Structures are given as C-alpha cells and as structure tokens.
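Beneath this line is the structure, given in structure tokens, with notes to follow.
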Amino acid sequence: MILPCLLYALAQLLSSHLIVDDQVLVVYDLELAAISAVLVLFGYRAVAGLALLSVLTLLLRPLTEFYELLGYLAAALISYFFYAKSTGWRSPSSFGRIILTSQRLIWLCLCNALLNTVFSEVVCLFTTYHPCAAMAFEHVFNAETLVRIQGVMNGCVTGIPLFYTVLRIICRPKYAAICLKSIGAQFSESVGYIRFTLWAVSLLVLMIFLNIPFKDNVFFTFYSLILIFPLMLWSSVRIGYLFTAPIWTVMLIILAKNNENYIALNDDFMLHQVLVSTAIFVFTLTIVIMGVLSRFNKLRFDQLLEMGLTDPMTNMPNLRALKADIKQSPHSTVGLIQVPEMELFSRRYGLHFRARYQKKLADHLRSNLRGDEKIYYHAGYGLLLKLDDPSWGRLSLLYQSANTFRYSHNNQQLGFRSGLGYCRATQFCNDVYSLTGKLGIVSGLSLVNGKPENLEAQSSRILESYIVGRTDIRTVLQKTLDNDAFVLMAQPIVSTRGEERYHEILLRMLDEEGRFIPPDRFLPVATEAGLAPDIDLWVIRNTLKTMQQQPDRSFSINLAPVTVCRASFVHSVQLLLAEFGVDPQRIIFEITEADALSDTEQSQNTVRSLKSLGCRVAIDDFGTGFSSHARLRDVSADILKIDGSFIREITESEVSHYIVESFCHVARMKNMQVVAEYVENESIQLCLERMNVDWLQGYHIGKPVPLLTLV
C-alpha cells in the first residue's frame, strides 16, 4: 500500500521538465516507469496501493497532477494487461532476460508512452476549464510531443528496471547480494582493473563537461554526449547489462536535470532538443539490446562450455573437465577404476547399460570422497577420480567399495571385478589422455593383484614397457604388410623312409632397425589386430609364387586359428592355386590341435574343404592341448606333428617316450604320417627312427634358410 506512494514521489523528484514558451517540456519522465515497475513486481495486487496513491494525490496535490496521474494509471494498467497476457507466469521475472526483452520494450515502453500521450490529451480535452495546458499542446504532431514521448519512453526503458530492483531489495534484502553476484558474473575477464579505470575516468570527464555551464568549447556541448555512447556500449558488452543499466539511468537523471548546460536556450533549442532526445532514445535501446544479447551469448557460451565438459549419456564431467581441474590442482592424485567385464555386458545390453552402471557406481563411491574431490566419466569401461592426497587406507577403501558394489538389472544383482590404478597428476597436467592410457595399464595389474596399484611402481613400469612394445610391433606389422616386406624362411622336414623332403614355411619380420622380431611376439599382436588372415594369405600367395618357379617342391604353411574359422578362406586358396597353377597335393596346411579337434562347424568345414581341393592337412603341436586318443579318432587329417616339448625329453623321460610312442600307434591306425619337431641331436633322431616316426624336423636336421635361396 505504501510503496507505490513513496516510489511515485521519488519518480516525481527525479523526473525533469523545462518551461519553454510557457509550456512544460518533458525531458525525462520516470513517473510512468514507477507505476509500471510496481505492476510488474506485484501484479494486480498493487491496485490497492495505486488507488491509495490516487486518493492522496486528489486530496493533497493540485488537480492537474491528479489528471496527470490518471493518464499514467490508465496507460500503465492497459499496457501491463497485454504484457502479462503475452508473458504469462514469467512476467515478474528480473530484467535482462532476452526471452522477455521484446515484450517489455513493446508493452512497457512503446505502448506505455503512446497510451500516456493519448490519455493526457483526452484528459486535457475534457477538462479545459482546468489549468492543464502544461499537459497538452496546440498541435499533437509537433516537436514538443515527440520530445515528450521519447522522454517517457526513455524513462520506461531505464526507470522500470531500476525501480523494480529497488522494490525487490526493499521486499527482500537478500536480493541485493544476488544482484551483486550476478553483476560480478557478467564482468568479462578481459576487462581488468586498468581498462575499467580508464573507462570510468573517461566517463566521469565527459559527464563533467556536460554538467558545468561552460560553453566556449565543443566538449561542453552535447558533442560530449555522443562520445559517451560508445563508452556505454562497451560497458554493456564487456562489463554487463546489470551493471551498465543502473549507471546509464543515473547518468540520464543527471543529464536531464542539467539539460540547459549542454543545449543552449536559443532559436535552435527545440531542434537540438529533438536531436538529443532521439539520440538518447536510440542509444538507450541499443545499450539495452546489446547488453541483453551479450548476456545471452555469454550464457549460451557457458552452456556450450558445460556441454563440452560433460558426457551426454551420463551427465558426468568428462576428460576435458578432468584436464581443467588438474591444471587448477596439479598436486592432486588421479585414479582410474576399470571394469573390463563391462565390455561383454555392454555388447549384450547396449551402451545405455554401461552408462547406467557408471552413474550408479559413481553415486556409490561419492560417499567416500571429500571436499573438491570428483568423479569423471571414462570413455572406456570405468571411472576416473581426482583425489586430494589420499592415504593408502582411503585408496584401499575405494577399491573395496568398487568391488563390493552390486548393480540391479532385470531383477538380477550384478557384481563386477574392477581394478584401481592411481598416480600423481603433476607430470601429466598437459597430457591427461596419456595419463588415462597409462592408468589403464596399472588398473589391469590391480585387477590381477587384488589391490590398488601405483603407476610409479616398478612392476607397473615393466607392464607399461610391455604395452608400449606391443604398440610398436603393431605399427611395424601394418607397415610390413602394406609394403610386402615379410621374410619367408624354409626349414626342411626329412623323411626316415627315403621320401622326398619338404619344407615348412616360417614367417619372419624385421623391425625398423633391421632386426628380426620373433614370431611369438608379433603373431599374437597380429591376431589381436585382426591381421592374421591377411598375413596368412600373403604367405600362401608368396609361397605359391615360388612354387611356380620350382613346381617339384612341397611346402607346409601354418594357419592362424582365426583364419581357419573364416568362411571365405577356402575360396581364396582355390583362386590362388588356379592363379599360380600349383598342384594342391604339394601344399600342406598346418592347423593347431585346438582348431583341428574343435567342435565348431566352420573349422571342421575348412578342414574338409581343404582336403577336397587336394591339399593335405597336418595337426600341429599335437599333445599341448591334452587331447585324448578318443578325440583323435574323429580327426580327418593326413599328418600328425607331435609337439616339441615331448620330443626334447624323449631320451630322458620314460613318460615322454611312452606318450610319443602311443601317438605314433594311433596315427598309424588312422593312416596318418607322424612328424617329430625339435630334433636337436643325434640321440633324439635315433630314438625316433626306432619308433618308426615318418618325418623329422629340427636344427639337427636342418636350420631355416631364406625361401628364395632354395635351389
């Protein structure tokens, strides 16, 4: 009830009018702004207070002021009605929101000022017996009316936000702290103290020029007003709308009070007043709009930045957020909780299963965190943690907590084993991606050892070196395959019955320094990378190319397990045999025991199809899989190669001797020839010959030589 009366009295005090030719010229009017601000904040609840204001004005003030108030009230109520209709429940929101700016400018400023002018003219028209000539002019469409409308509009654009803020602070003092915090948030980091000081000093100097009655210099005219505008525009964009708007309002109040100091009262006064009024109005709109747009852009930029630091599936901070945080606290500890089994379950249930599990696990672990410690999303199968100097006890607690966590899915309680690797972030502040890769290594070691593992530990460095070595091999492997740079070796396999010898093709690879890399190092990497079938076809092609020049030779070629399981492999072999015109009977494909005895339909089809082409099939490394004689009964192969681990000890171990002898008996019953590997000395050779082993292979028989050197 009281606030509208007090605010209206303050607005009358701050408004500015001039007497020109015995008429009142409105320079800057805040009375309509005060009434509109009350309506924006309190809505129609303010009608009682406005009614009290009307009664008090009628009783205590001249009648002309009462008529003037009626014009303000009518314009404000109608404008507010349409404004509330267009904005709904958001109508009392604070100023500076881009979503409401257009509605506020249209209804609370433009519509307000025009309606007020119309109602003022109507009131004066019907109350001609009252001395209200101060409110009406002889002609409506003249310079005085234009100045009045712009003065009222300027008052509404700048005054409504100011009065609104004052009212909210009066009703809720804590709102002042919110305003100060918002002003601080809008300050651009690029402003700095020096730029702010230069801006403030420049603004103060120009205001002094405009407000002292000294006319002998151009800077003491409204030229200085033009120079103020770019300063305020810079402030609106760089410092922020919330700071600039009240400063600009105060400046307009001061400038309006001292209007005659920078606009001389002469024959050109009205023309200059129109120009100044129009310029102030245009620049007021520009300052407001640019300030709001700047705030909107900053909010959108912050939202995009937040999106860039957040994983969209889990809404958890991501690696970029971790990188930013460890730059702020480089002495913190970074940990990685890795859940390898999650890969299998993600394949079955989808990525959303993994995301939900990670969110639930993060919620479970947060009870063990302190202060600014955080949990981050990891694109692999786990979570990253930033910890502040954790003790071994806390790390062990986190490890146990992760491993005892149970996740409910489809009415099942799922628990996954996880590993925890950790280290200081000091040396990885600028390379968080390398850090997470190294932590992945030690988290795997943690999973094996059953305790948290430190990246700086010796065992972790050894494992890291192993991983780095495998990645280097993978790089060389692809380069060698692309450049046809593998080396084929041939090791003789000699018959004990005087048959023509044949050779086993052995694959070798050189590193970048020209040194041989052992097959047991690069072949597993090739299998993991999915390159094994391509390498096997490369070996077959180049072996057949050699056989094209030497059609009487026979060779055995090893096949990787994944190659045997590939449905298109046999067709590729058939095409290569036709291309080089090689007799299939001179090709032996060596398949490991696990593949030859496999129950998978594809591996069995591959063995049968190779034999149907005319090629022979050998079971390699027989005995290593502890296969029974019963399973050997079902194998359809031509040659049985006994693993060298039995051959080496055949002269020293009766068990090895008996095992080899039993393999030979079963092979003969199956009409299979037997090859003994790793014949390293003469005593082994003689022992095998007494057993009637068909073929011998080993360094005592002959060492591998380059394929191209065979004569």
Side-chain angles (χ1 to χ4, degrees), residues 11 13-20 24-30 33 105 109-110 113 142-162 195-241 243-292 294:
L13 181 65
L14 298 178
S15 298
S16 297
H17 305 79
L18 289 177
I19 304 298
V20 179
V24 177
L25 182 66
V26 177
V27 178
Y28 187 58
D29 191 299
L30 289 170
L105 289 176
C109 300
L110 178 62
N142 55 21
E144 289 81 358
T145 305
L146 178 60
V147 172
R148 172 186 174 84
I149 293 174
Q150 291 180 155
V152 174
M153 291 178 66
N154 280 329
C156 289
V157 173
T158 57
I160 293 177
L162 179 65
R195 291 185 179 181
F196 181 80
T197 302
L198 289 174
W199 170 82
V201 170
S202 301
L203 202 62
L204 181 62
V205 170
L206 290 175
M207 285 294 291
I208 292 173
F209 287 161
L210 289 169
N211 288 281
I212 60 175
F214 184 80
K215 303 297 183 180
D216 294 338
N217 192 300
V218 69
F219 287 102
F220 293 85
T221 64
F222 61 83
Y223 172 76
S224 293
L225 185 64
I226 299 174
L227 298 180
I228 284 178
F229 294 144
L231 290 175
M232 296 307 298
L233 191 61
W234 180 87
S235 172
S236 182
V237 173
R238 292 294 184 179
I239 302 179
Y241 168 79
F243 176 83
T244 305
I247 296 295
W248 179 241
T249 304
V250 172
M251 289 172 58
L252 290 184
I253 292 172
I254 297 173
L255 291 171
K257 292 292 184 183
N258 296 282
N259 186 81
E260 66 278 3
N261 288 340
Y262 54 89
I263 302 179
L265 290 171
N266 53 29
D267 294 339
D268 296 328
F269 169 77
M270 188 53 65
L271 175 61
H272 291 163
Q273 185 66 52
V274 169
L275 292 175
V276 169
S277 176
T278 303
I280 289 177
F281 174 66
V282 170
F283 276 96
T284 298
L285 287 179
T286 304
I287 290 169
V288 171
I289 293 173
M290 290 303 297
V292 172
S294 177

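This one's a predicted model, so the numbers in the text were calculated from it and none came from an experiment.
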Check [X] against [Y] and note the closest heavy-atom contact, atom names and distance.
X      : Y      : answer
Ala11  : Ser15  : O-OG, 2.7 Å
Tyr223 : Val218 : CB-O, 3.5 Å
Ala33  : Gly155 : CB-O, 3.3 Å
Tyr28  : Thr249 : OH-CG2, 3.7 Å
Leu162 : Pro246 : CD1-CB, 4.3 Å

Side-chain donor-acceptor distances from residues 279-286 under 3.5 Å, at least two apart:
residue, atom, partner, partner atom, Å
Thr284, OG1, Trp248, NE1, 3.0
Thr284, OG1, Ile280, O, 2.6
Thr286, OG1, Val282, O, 2.8

To the nearest 0.5 Å, what is the distance between [atom1] on [X] and [atom2] on [Y]?
X      : Y      : atom1 : atom2 : value
Gln150 : Thr278 : CD    : OG1   : 3.5 Å
Ile208 : Leu204 : CD1   : CG    : 4.0 Å
His272 : Asn259 : NE2   : CG    : 12.5 Å
Leu30  : Thr158 : CG    : OG1   : 6.0 Å
Leu275 : Met270 : CG    : CE    : 11.5 Å
Leu18  : Glu144 : CG    : CD    : 11.5 Å

Using the side chain to side chain contact (heavy atoms under 4.5 Å, CB included) rule, pick out the option among Ile149, Asn154, Val152, Leu14 that qualifies with Asp29.
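Option passing the side chain to side chain contact (heavy atoms under 4.5 Å, CB included) with Asp29: Val152.
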
Candidates Asn211, Ile212, Leu210 - the one meeting side chain to side chain contact (heavy atoms under 4.5 Å, CB included) with Asn258:
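That would be Asn211.
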
Would you mind reporting whether [Y] and [X] have side-chain heavy atoms less than 4.5 Å apart?
X      : Y      : value
Met251 : Leu203 : yes
Leu25  : His17  : no
Val147 : Val27  : no
Leu110 : Met153 : yes

Show me the donor-acceptor pairs within less than 3.5 Å that the side chains of residues 226-240 make with the rest of the protein, sequence neighbours left out.
residue, atom, partner, partner atom, Å
Ser235, OG, Thr244, OG1, 2.7
Ser236, OG, Ile287, O, 2.8
Ser236, OG, Gly291, N, 3.0
Arg238, NH1, Ser190, OG, 3.3

Taking the six-membered ring for Trp, are Trp199 and Phe196 parallel (under 30°), tilted (30 to 60°) or perpendicular (over 60°)?
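It falls in the tilted class, 30° to 60°.
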
Using only atom types and a distance under 3.5 Å, with no angle test, would you say the side chain of Tyr262 pairs donor to acceptor with the backbone of Leu255?
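The answer is yes, because a donor-acceptor pair under 3.5 Å joins these two groups.
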
